[in-house]
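We name chains A, B, ... by the order of the sequence lines, and we start the count at 1 in each one.
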Amino acid sequence: MITHSMRIKVTVWNSQSFVLSLCLAVLGSSQCIAGQGVPGLRVEVRRKSLRNFVAQASADRDPRGQDQASQAQAPQSPPSPQVQAGQTLFAAQCAFCHGRDAAGGETGPDLTSSEIVEKDVGGNEIGPVVRTGRSDRGMPQFNLTDADLGAIVAFIHDEKAKAESKPGRRRNVQPEDLQTGNADEGKHYFNGAGGCSKCHSPTGDLAGVANRLRGLALLQSMLYPKPHKSDSADSPATVSVTLLTGQTVTGRLAYQDEFVIGLTDSSGWYRSWFKGGVKFKVVNPLEAHSEQLGKYTDETMHNMLAYLQTLR
Amino acid sequence: MRLGSCYLRFLAAGLLLLDVCYGPAFGQGADRGLDSVTLLKPPADSWPTYHGTYSGQHHSRLVQITPANVYRMTLAWAFETGQTAEIKSTPILFRGILYATTPDNVWALDARSANVVWHYTYPPNQGLHIGHRGVAVYKDSVYFTTPDAHLISLDARDGKVKWNVVIADVKKGYWTTMAPLVVRDHIIVGTSGDFDNLPGMLKSFDPETGDTQWTFYSTLPRQAPEAFSGGATGGNMWITGTYDPQLNLVYVGTGNPTPVLAAQDRPGDNPWTCSILALSPDTGKLAWGFQPSPHDTHDWDAVEVPVLVDGNFKGVPRKMLLQASRNGYFFVLDRGTGKSLLTTTFAAVNWSAGVDKNGRPIPNPAKDPARDGRLVAPDEGGATNYRSPSFDAKTRLFIVSARDAYGIYFSKPEHGEYGWAGADYGLFGKGMLEAIDYQTGKVRWTHDLGGGGSAGVLTTDSGLTFTGDSAGNVLALRTIDGTTVWHSRIGHVGNSPITYELDGRQYLLVASGGTLYAWALPEMPRAVKQGSRSQANPRSR
């Protein structure tokens, strides 16, 4: 049990000297975090142990692993203090969604191949996204100082440069990866079992779709086209609401939960009602896509993509 | 010091304070704080562990708020952390104090007023700040895990640090979010870490000293001579387990294997990843293991709460364990042996080739992530996730926030065999609350939750079920049939609701964003009570 006087010391434990004494006193020096409070040392230690781990884990198993390990061991210039600071911030705030190397993680996209990052100069594109968030896509807003934001931006650009020098290691999907389908079979499915032709036409809405969308983006859009914004302007769903007076109001579906229905009417006004007080009918063409997800096989999915890629 | 002033106030204020200092919840005699006997039978004025009780049923016996009066509930108080981090934690209530967390932060709040008794802030650190599930309280200490994988003991009175020990090495890629499990003199904590090929760990610490008592590894480093997982690492244990005091076994779920999506270099079942394990709390020794997802390639941790239920199963008295797993399967096990009693799906599933003779789903290799992509249900977020389901013994219903969801999974040799080693993208998800009859696995009712859902679930003996929908409503439903009887749009419910009774008044506690909301039935203000009495009295005379 640690004495009361020691408790008081612990409250100031961001002091590096105290970290060391705490480690020695409580944990034993071998368990202490080497270099806590010395970012440069910490980064070096991490990189080295990661390289060793990869090399050890794969050297006797797989020649591809050896390639990776030797790639990882290529000499690198030490990152700037700003990039190092950005790495720490990114690991804590951003890495779960975007991956620790910014190349994509559990839910967030690969930032090293992001268009926003590509266009960004000194945070002019990244900054607003970080500060305001993208609530419609699950990204929260972050309150950061200019210095912290600048460090994160510097880190992202540094990772982008690294990723581009090692194209094989990026966790991404190239259009050439997706060329396993049969376009004729896909056309057959489009017009038959898939039911796609009930709503779509290769000479109408889908004319030239392969020029507008490529690879993964085309595949995702084919499977379930997500509205780019949660507002009504982008939603294909419509609703017809019949009021107690008998009057009917129609428009784009703007909001719906268990209790309230909202629409944007033909003159652009948002209107809403409690569901209990009106009758309503929603027509959502995307339901055909969600139902189809349970019907596709991987083969029919790839065939359909092959067919859509012919619509140039 | 706090104890001393308590004694003084006790002398000054007389017997009234006896209840505050030595209330029936906390035993007679010396002020030991929250003891292990109380943890076995928590009183109504407490929610002393992550799950409320050791069973993990996330159910309350309270009956003041009912389906008939819940519509009258009113906001008792709201507490804003002032932070952007979402409260994912299940608060602990002990001695009228609530302990709630976000990464790096613990608040001790007066449960009557939301007054901040103390606020502990951990220094900036490089650990992953994905979320925080809550603290554990034992005796007079609060145990808190940090993003950089430390375990800290705080004085429950004032939040002062008693000790701070390392659970795992943050530089290797570990982090921690878990609310520790207290079993007698063991503080049991698991690790997280998906981005590196790291063994999953569960550790037990001495509550007084912070010394490590034992470490259980669900996998070992790939190159270790005694490695037993077919080349897989991972299997982290990041959700608080449950405990059977009669069998003296702790039950805990383990996470996905690493490399996560690349399967070719880790053949076989990859034990003990994506597993339900029974361990001795005294030694960490494995009693049995059951794998909901043998050879997982889709990030479907089996860490969802292993709920302990006693009762008849098909006419035979059983001690059972129920889990709705992230992979879309619902399992009933005999928790003495780990043998399967029932395996069924509770959401859209297209990745298995049936169920084997031991009740384990058989992974279909054609649904492993591939270069050209595989359409898989559920998606990575899963058919359910870590927030608590609830079990209602009266209706025999296991109620869980579920999703029918699809994603596409990619992996190719160029993605390597380290960390994520692939890519996957969610396509579509439909959320619903499902009430599963555990005797049959059949869904008795579903309640549409919109696109996502995923809030935790609480049931009460009065026949109420509390949860949240994807639009941001906190909902009260009738447990018997899922009918809505109350709602309030506070924003997305980020934790598992809890309930408790203080001063004869039942509270419902729910988190949304960085705010905690406490609801209760309305109380007549004292002035109105007195006014009505003075008006009524003349008439009666």
Side-chain angles (χ1 to χ4, degrees), chain A residues 1-2 7-8 10-11 13-14 22 26-27 31 33-34 42 45-46 49-50 53-54 56-58 61-62 64-65 68 88 91-93 95-96 99-100 104-107 140-143 168-169 171-173 177-180 216 219-220 223-224 257-259 289-290 293-294 296 298 301-302, chain B residues 84 123-130 147-148 155 160-166 169-172 194-197 208-210 222-223 265 299 348 350 366 371-375 377 380 406 408 410 412-418 420-423 425-428 430 448 450 469 471 473 484 487:
Chain A
M1 184 89 181
I2 293 167
R7 274 186 218 156
I8 291 169
V10 179
T11 60
W13 94 292
N14 22 3
L22 180 76
V26 180
L27 315 169
Q31 285 179 286
I33 297 178
R42 180 170 66 231
V45 170
R46 189 187 72 79
S49 63
L50 184 71
F53 208 152
V54 173
Q56 283 170 19
S58 48
R61 299 178 69 82
D62 188 339
R64 291 189 310 266
Q68 277 189 356
T88 301
Q93 310 268 0
F96 192 78
R100 205 168 45 198
E106 290 235 356
T107 53
Q141 57 182 17
F142 293 87
N143 295 329
R169 300 200 66 210
R171 290 161 288 184
N172 59 15
V173 177
D177 292 334
L178 304 175
Q179 307 309 317
T180 54
L216 178 64
L219 178 64
Q220 287 175 299
L223 292 170
Y224 195 82
D257 69 10
E258 191 178 326
F259 313 100
H289 281 262
S290 55
L293 290 172
Y296 278 118
D298 292 309
M301 173 179 80
H302 291 128
Chain B
T84 51
N125 63 88
Q126 63 174 318
L128 191 60
H129 286 54
I130 168 67
D148 60 351
D155 190 317
K160 294 262 167 54
V161 175
K162 293 183 176 185
W163 48 254
N164 172 339
V165 298
V166 173
D169 189 347
V170 66
K171 298 192 303 299
K172 285 185 178 163
D194 261 0
F195 304 133
D196 300 273
N197 294 1
E208 295 294 326
T209 64
R222 197 182 250 201
Q223 62 271 35
D265 292 308
D299 191 34
N350 76 355
R371 177 183 291 274
D372 62 354
R374 292 292 180 266
L375 181 62
E380 180 203 309
Y406 290 82
I408 30 176
F410 299 88
K412 52 186 175 181
E414 299 94 302
H415 286 145
E417 50 180 280
Y418 195 86
W420 205 257
Y425 304 87
L427 294 165
F428 170 81
K430 177 179 178 299
D448 187 4
D469 70 13
N473 292 292
T484 307
H487 75 279

*Asks:* Within the side chain of B:H415, is there an N or O that forms a donor-acceptor pair under 3.5 Å with the backbone of A:N172?
*Replies:* yes
*Asks:* How close do B:L427 and A:Y224 get, heavy atom to heavy atom, and via which atoms?
*Replies:* O-CD2, 3.6 Å
*Asks:* Please determine, among B:D448, B:I130, B:T484, the option with the most heavy-atom pairs under 4.5 Å with chain A.
*Replies:* B:I130
*Asks:* Does A:Y296 reach the side chain of B:N350, with side-chain heavy atoms less than 4.5 Å apart?
*Replies:* no
*Asks:* So that I know where these two stand, are B:H487 and A:F259 an aromatic pair - ring centroids less than 6.0 Å apart?
*Replies:* yes
*Asks:* Go through B:G373, B:A377, B:G426, B:A423 and name the one with the most non-hydrogen pairs under 4.5 angstrom from chain A.
*Replies:* B:G373
*Asks:* To the nearest 0.5 Å, what is the distance between CD (B:Q126) and OG1 (A:T88)?
*Replies:* 6.0 Å
*Asks:* Nearest 0.5 angstrom please: B:F428 CZ to A:L293 CG, how far?
*Replies:* 7.5 Å
*Asks:* Please state whether the side chain, the backbone, both or neither of A:L223 comes within less than 4.5 Å of a heavy atom of chain B.
*Replies:* side chain
*Asks:* Indicate yes or no: at least one non-hydrogen side-chain atom of A:V173 is less than 4.5 angstrom from one of B:Y425.
*Replies:* yes
*Asks:* Quick check against the 3.5 Å criterion: does B:D372 have a side-chain atom that pairs as donor or acceptor with the backbone of A:Q179?
*Replies:* no
*Asks:* Output the distance between atom CG (B:D469) and atom CG (A:D257), rounded to the nearest 0.5 Å.
*Replies:* 6.0 Å
*Asks:* What option among B:A348, B:G422, B:P147 has the most heavy-atom pairs under 4.5 Å with chain A?
*Replies:* B:G422
*Asks:* From B:N473 CG over to A:E258 CD, what is the distance, rounded to the nearest 0.5 angstrom?
*Replies:* 7.5 Å
*Asks:* Do A:R100 and B:L128 make a side-chain contact, defined as non-hydrogen atoms from C-beta onward lying under 4.5 Å apart?
*Replies:* no
*Asks:* Which atoms of B:I408 come close to chain A, meaning under 4.5 Å heavy atom to heavy atom: side chain ones, backbone ones, both, or neither?
*Replies:* side chain
